[in-house]
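Quick note on labels: first sequence line is chain A, next is B, and so on, each numbered from 1.
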Protein chains: 2
Amino acid sequence: MTQDYSHFPRHLVAVDCIIFGFDGENLKILLVQRNFEPKMGEWSLMGGFIGNEETSDEAAHRVLNTLTGLENIYLEQLNSYTRIDREPTARIMSISYYALINIEKNIQINEKYSAKWFDLQDFPSLIFDHNEMVEDAVLRLRRRASTRPIGFELLPEKFTMKDLQNLYEAIFNEQFDKRNFISKINALDILVKTEGKDMTSSKKGSFLYRFDEAKYEKKLAEGFMFKI
Amino acid sequence: MTQDYSHFPRHLVAVDCIIFGFDGENLKILLVQRNFEPKMGEWSLMGGFIGNEETSDEAAHRVLNTLTGLENIYLEQLNSYTRIDREPTARIMSISYYALINIEKNIQINEKYSAKWFDLQDFPSLIFDHNEMVEDAVLRLRRRASTRPIGFELLPEKFTMKDLQNLYEAIFNEQFDKRNFISKINALDILVKTEGKDMTSSKKGSFLYRFDEAKYEKKLAEGFMFKI
DNA sequence: ACAAAAGTGTTCAAGCTACACCCATGT
DNA sequence: ACATGGGTGTAGCTTGAACACTTTTGT
């Protein structure tokens, strides 16, 4: 016999995006203000329902694109949240995703959503289980950032060593020794020093680096492991 | 205005369980033979639909209990699989879970499901995207096993150092040096040596150890990190 | 006595941590 | 000239990897 699916329950399934950015000093999170009930006016993650003709990945990209206009964003699936009463008005499951975006590129945030960047150290309490989602996302970001070169998604194409160190300090919420950090990065041998200097932070100026993705992929294929 | 959910699409959502066991030598996976179309007769993961009154965790526990009769099994959510055509007959999303069970305890497998333990190194090709789920689960198991003492879920209460080493060798698919392995384990200081010896494997007999969970929790609270 | 698995330490290399001074430049 | 951030090297320590022989006991 063939399975008959008609009597199995069907569920609303949403995606919610934890959108991380970096302003050169602190990790940021992009939140939206609900413009519908319940919890209208409160802060939440950007989300949306998964349609019949899209995967959850596609839904997450669509949601992110709707908010920011950006395409090809770094996006990784996190967890499913399926508590029955996680939303008060209906049983809605949610699959969370975290996104890393270069905050400088992100020029046109759709005003319709009243979105705002908050400091990850100091953002308002969120609706439903969104706080839990953010906590889980931060933990995942830390794990990933220590074994994959995803940090560069958060930086502009060219950045100083100081920027990079600030980024990792923000991700891990921990201070590093400048000399040790730089020699670790140099030992990885996946950055290229460009001609240019950033003159805004000091009189001397500091060299700008680029992540050499091709080199990284090549080393990866040869058994190299990224490790911070 | 309050959000009206009635026009959003609703989805069938299943859980699928990757059930790991250990027979003292090799990692095993428990598979079931489909007794309905499509793909009747082929091997698959044990799964089931999520009901209206249960979370995905509860559904996974239910599914596992239906198959094995066991309760309180170690179960961890993995990923969501949402490709539209991942099953041919309907659009079904699936949340995967992996389970660790002590194979000795597992006496009464429900015969209705034609379940069978396979060697993880040599099991049949599975239906749909279940092979991918297993691959993802193995990777997650390795990660978790290297930072959390979950290996003990797969062993009987008392075990020899050799058992433990065999287990980790099976998980990581890699050979370890006996001396280095034992001194690493001893350095962790979370096992207790019992009076008893296992006399089945040698004339001399080898001491049996127990995982001291209370001690582990205490050390954890003091900042200890498990690491293999 | 011998076969078979259990049990046990040391050495070396690599990587990590801690730590302080000079350099270049704009004002 | 001085104030500001940029840039650089070393020594001690910890950790992980490689490596071989003795012990116990049933047959």
Side-chain angles (χ1 to χ4, degrees), chain A residues 23-25 142 145-147 155-156 158-210 219 222-228, chain B residues 23-25 142-143 145-147 155-156 158-210 219 223-228:
Chain A
D23 67 359
E25 288 294 326
R142 277 187 197 150
S146 69
T147 55
L155 291 171
K158 295 180 181 183
F159 49 85
T160 65
M161 282 288 183
K162 181 84 174 140
D163 293 334
L164 191 60
Q165 183 171 349
N166 283 344
L167 171 62
Y168 279 99
E169 288 180 342
I171 290 175
F172 295 110
N173 197 22
E174 195 178 336
Q175 299 301 112
F176 302 128
D177 177 87
K178 179 171 54 158
R179 283 163 294 185
N180 291 340
F181 182 80
I182 292 178
S183 43
K184 211 167 188 175
I185 297 292
N186 283 333
L188 292 175
D189 188 29
I190 51 173
L191 296 190
V192 287
K193 195 181 213 167
T194 69
E195 302 293 307
K197 280 194 165 194
D198 167 34
M199 302 306 293
T200 63
S201 63
S202 74
K203 334 257 162 139
K204 188 179 177 181
S206 58
F207 280 105
L208 292 164
Y209 292 80
R210 240 180 351 90
K219 296 188 71 164
E222 291 163 358
F224 168 74
M225 280 288 289
F226 179 91
K227 189 88 188 68
I228 286 274
Chain B
D23 68 358
E25 288 295 325
R142 278 187 196 148
R143 272 212 328 262
S146 70
T147 55
L155 292 170
K158 296 181 180 181
F159 48 85
T160 65
M161 281 291 183
K162 180 81 173 140
D163 293 333
L164 192 60
Q165 182 172 348
N166 283 344
L167 171 62
Y168 279 100
E169 288 180 342
I171 291 175
F172 295 110
N173 197 21
E174 196 177 333
Q175 299 300 114
F176 302 128
D177 177 88
K178 180 170 54 159
R179 283 163 295 188
N180 289 341
F181 182 80
I182 293 179
S183 45
K184 210 168 190 175
I185 296 291
N186 283 333
L188 291 175
D189 188 30
I190 52 174
L191 296 190
V192 287
K193 195 182 213 167
T194 68
E195 301 294 308
K197 279 193 164 194
D198 168 33
M199 302 307 293
T200 64
S201 63
S202 75
K203 331 261 165 135
K204 188 177 176 181
S206 59
F207 279 104
L208 292 164
Y209 291 80
R210 242 183 347 94
K219 295 188 72 163
F224 167 75
M225 280 288 287
F226 179 91
K227 191 88 188 67
I228 287 273

Which listed nucleotide (C:dA5, D:dA18, D:dG7) is nearest to the side chain of B:N180?
-> D:dA18
To the nearest 0.5 Å, what is the distance between NZ (B:K204) and NZ (B:K197)?
-> 6.5 Å
Between CD1 of B:I228 and CZ of B:F181, what distance do you get to the nearest 0.5 Å?
-> 5.0 Å
Quick one: does A:K204 reach the base of C:dG26 with a side-chain donor-acceptor pair under 3.5 Å?
-> no
Find which nucleotide of DNA chain C each of A:D177 and A:K197 is nearest to by heavy atoms, and output the residue with the more 5' nucleotide.
-> A:D177
Here the distance between atom P of D:dG7 and atom CD of A:Q165, to the nearest Å, is 12 Å
Separation of atom CE in A:M161 from atom P in D:dG5, rounded to whole Å | 19 Å
Separation of C:dC16 C1' from A:K178 NZ (nearest whole Å) | 19 Å
Using only side-chain N and O atoms of B:S201, determine if any of them is under 4.0 Å from OP1 or OP2 of C:dA6.
-> yes
How many Å lie between CZ on B:R179 and C1' on D:dA18, as a whole number?
-> 8 Å
Quick one: B:F181 CZ to D:dC19 C1', roughly how many Å, whole number?
-> 18 Å
Considering heavy-atom distances to DNA chain C, does B:S206 or A:K203 have its closest nucleotide positioned more toward the 5' end?
-> B:S206
What's the CG-C1' distance between A:D198 and D:dG6, to the nearest Å?
-> 11 Å
What nucleotide, of D:dG6, D:dT8, C:dG7, holds the atom closest to the side chain of A:K162?
-> D:dG6
Examine distances only and state if a side-chain atom of A:R210 and a backbone atom of A:L191 form a donor-acceptor pair shorter than 3.5 Å.
-> no
Length of the line joining B:L208:CG and C:dA6:P, which is rounded to integer Å = 12 Å
Anything under 30° is parallel, anything over 60° is perpendicular, the rest tilted; go ahead and classify B:F172 against B:Y168.
-> parallel
When you measure from the side chain of B:K193, which nucleotide among C:dT8, D:dA17, C:dT17 comes out closest?
-> C:dT8
Starting at NZ of A:K184 and ending at P of C:dA14, how long is that distance when rounded to a whole Å?
-> 18 Å
Could you check if a side-chain atom of A:E174 sits within less than 4.5 angstrom of a side-chain atom of A:E169, using non-hydrogen atoms only?
-> no
